[in-house]
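A note on names: the letters A, B, ... follow the listed sequences, proteins ahead of strands, and every chain is numbered from 1.
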Amino acid sequence: MKILIADDEPLARERLLHIIKEINCDYQLIEAGNGLEAIEQVNQEEPDIVLMDIRMPGMSGLEATHHLVASENPPAIIFTTAYDEYALQAFESQAVDYLLKPIRKERLEKALGNCSKLNKLQLEQLGKQNQEIAYRTHISAQIRGTILLIPIKDIYCFLADHKYITIKYNKQNEVAETIIEDTLKSLEEEFESIFLRIHRNALIRKDKIEALQKQDDGRVLLKLKGLSDGFEVSRRHLSSVRKLMKA
Amino acid sequence: MKNDPTPHTVEQIKNNMEQNSLFLPDFCSLRMVFSVVIIGELLAFILTLAPLRMDQQLWSDLALISLFIQWNGLMCSSALCLLRPVFKHYSNQFVAVSSYLVLLLMITFLSELTFYIAEKYQVTETLSFASHWEFLIHNLLIGGIISALALHYFYIQHQWRIKIQSESCTKLQLLQARIRPHFLFNSMNTIASLTRTRPEVAEHITEDLAELFRMLFREDHEMIPWSKELTLSEHYINIEKQRLDQRLSITWDVDLIPNDAMIPALILQPLLENAIFHGIEPEIEGGRIVVKGEFENNRIVITVQNSNSKNLVHRQGNKMALANIEERLKVHFQGKASIICQDKNDEYFAIVSMPYQTINST
């Protein structure tokens, strides 16, 4: 069995390594220092179980889990935490496996023995009660069985097209596109502080707004910094765009 | 970013509690109805026995008086029960006055009704009241006194409940304002890990933790010399350094502050805790904290500076800590000390300024 230990504190990882070795020295152990590394390791090493710390820098354990569970063959996940009152309530109510640090050997042994895979419903419930740590810093896309992560700060816009959403983002100073399955409505709700709805089919990054251009045919186009093409602003959303640009 | 709806200072918590609770108990509840019936019956006994008599009429009088009182009591309860949703939106003073008036009105109405029925069926003699007015005024006097006593009792009981609630709430909030529970459990985990590999470091960390908590559990109003405060802060940083490793770097530039300067205990530690929480923990690479001390014009200025997290969404912090420091500075220096927080070019500054006092000058 292969186990991934994701925790930002070296000493916390070290302790888990020792204890798991004591439980069964045949277990193969790998480590990750934050949520991003955890996903990378899952992509490369395909562990069976992830021991996931909830609070980690860069990307929280809850968010990493969110991306992992959406993948084709996700590992089983056991959360670890030192103290999170809201998270604990959520875990209890969703019957999700979690361990409290400092973790007891017997408790860990039991958890490793009968861990089950999380489902999306459980995760959504966890996210609702932990807005701060569940906040996504990345959007994940599934590409050939691995998870591609796009940092929110690199995204220009979300464009809806039938069932799919096209993301335009900055990839090493070039504009790249990728497609995900989601709805603009849920993205709008989740990222309302960062993105603004300008049309039935478009959410754009607020701090990338450059200028509004009126076309000859009466349509209004919005220009974004770093992107050459303009985005149509519907009449319904024009006032909220103007208000934002004034502020 | 979402606004944090939770109250941050003890005062706010107390205000919230007072505003949100109605002093009148819920008269719709079975328990209240039962108490009203019992109290009504006791009153009926008192009224019947009060003239100090023992005759044939006693029991029938008791029955009549009970009937009248129970009727009054239950009707008044149901009036208060129905008015409860309306009362919720008003202040307790308003509710007290208006519920008293409602009760008096109710008693007047029921007395009039009773008198009307008695006259109609010509049983006024059995009521042993000479005139209509005498009957009404007697009832209003008795009802008015009993209602006033009851309302007063409910008010006192409500005040007492608020006091108990706010006391327990305040104590917990105050402790949490001074230290995050997270810190304790993370430190325990660090110690558990170090015990295996580096027991001598584990020993030191345990000592640091013990000293920190010894100070935390002391009374709030204590002043300690700067040298002591500095040592405590160093203990705290020692513990966090084990946990965060390379990610935490700190520069101390505090030699200018005189060692004998008296300051409120644990003013610096919560500021360091905040700096770690907002500036270091959210970043993969960690960050840097600069603590700077200045001594000018007989004043001490301590600045804690940390780099702001580059995350688009900031962590929701523990604003209680700052409010608590502010309150303590106010108590110790009577307005002559201050704490200012500034956000400047991705750097966050918390600046505490206070007059220089030694143990002799306080």
Side-chain angles (χ1 to χ4, degrees), chain A residues 7-19 21-22 32-38 53-60 63 80-88 99-105 130-138 151-155 190-195 205-207, chain B residues 1-6 172-173 176 179-199 201-202 205-206 209 238-248 276-287 307-318:
Chain A
D7 199 310
D8 56 322
E9 296 168 21
L11 283 172
R13 292 200 300 268
E14 198 181 295
R15 176 154 192 270
L16 275 177
L17 276 173
H18 280 290
I19 301 180
K21 281 279 171 220
E22 277 175 19
N34 56 60
L36 283 171
E37 273 181 40
D53 184 28
I54 295 178
R55 283 184 192 261
M56 287 190 282
M59 184 193 280
S60 78
E63 189 191 343
T80 65
T81 185
Y83 179 89
D84 270 294
E85 14 175 6
Y86 301 111
L88 295 187
L99 297 168
L100 288 174
K101 294 194 252 185
I103 296 163
R104 278 176 192 277
K105 188 173 150 192
N130 297 276
Q131 297 211 324
E132 178 208 328
I133 37 182
Y135 198 103
R136 281 196 280 172
T137 57
H138 291 68
I152 298 289
K153 64 175 169 45
D154 291 345
I155 296 177
E190 184 174 355
F191 300 112
E192 68 178 342
S193 59
I194 308 167
F195 288 86
R205 178 76 173 270
K206 286 182 186 171
D207 57 353
Chain B
M1 224 179 297
K2 287 209 165 126
N3 279 331
D4 190 351
T6 52
L172 182 66
Q173 297 265 0
Q176 293 205 354
I179 207 131
R180 292 190 167 84
H182 234 105
F183 167 70
L184 176 64
F185 292 106
N186 275 328
S187 305
M188 297 287 193
N189 196 38
T190 305
I191 292 169
S193 183
L194 284 169
T195 316
R196 282 170 182 267
T197 47
R198 280 170 285 160
V201 182
I205 299 295
T206 315
L209 199 61
N238 257 347
I239 300 169
E240 291 293 62
K241 184 102 187 131
Q242 287 301 324
R243 189 167 73 84
L244 296 163
D245 205 29
Q246 307 289 329
R247 286 167 62 214
L248 169 61
I276 289 177
F277 186 79
H278 293 288
I280 302 209
E281 277 186 341
E283 292 299 309
I284 294 177
E285 299 298 324
S307 40
N308 265 334
S309 161
K310 289 170 205 69
N311 287 351
L312 291 172
V313 176
H314 288 275
R315 297 176 87 171
Q316 247 171 43
N318 175 354

Chain A contact via [X] - which portion, at a heavy-atom distance below 4.5 Å:
X      : value
B:E285 : neither
B:N186 : both
B:R196 : side chain

Minimum heavy-atom separation for [X] and [Y], please, with both atom names.
X      : Y      : result
A:A82  : B:F185 : O-CB, 3.5 Å
A:I103 : B:N189 : N-OD1, 4.4 Å
A:R15  : B:A192 : NE-CB, 3.4 Å
B:R247 : A:P57  : NH2-CG, 3.3 Å

From [atom1] ([X]) to [atom2] ([Y]), nearest 0.5 Å:
X      : Y      : atom1 : atom2 : result
A:M59  : B:I284 : CE    : CD1   : 8.5 Å
B:L244 : A:L11  : CG    : CG    : 10.0 Å
A:K101 : B:T190 : NZ    : OG1   : 8.5 Å

(request) Find out whether A:E9 and B:S193 are in side-chain contact, i.e. whether some heavy atom of one side chain is under 4.5 Å from a heavy atom of the other. (result)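 When only atoms from C-beta onward are counted, B:S193 and A:E9 do not touch, as no gap falls below 4.5 Å.
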(message) Counting only non-hydrogen atoms closer than 4.5 Å, does A:L16 touch chain B with its backbone (N, CA, C, O), its side chain (CB onward), both, or neither?
(response)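 For A:L16, neither part sits under 4.5 Å from chain B.
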(request) With a 4.5 angstrom heavy-atom cut-off, could you sort out which part of A:D8 is near chain B: side chain, backbone, both or neither? (result) both
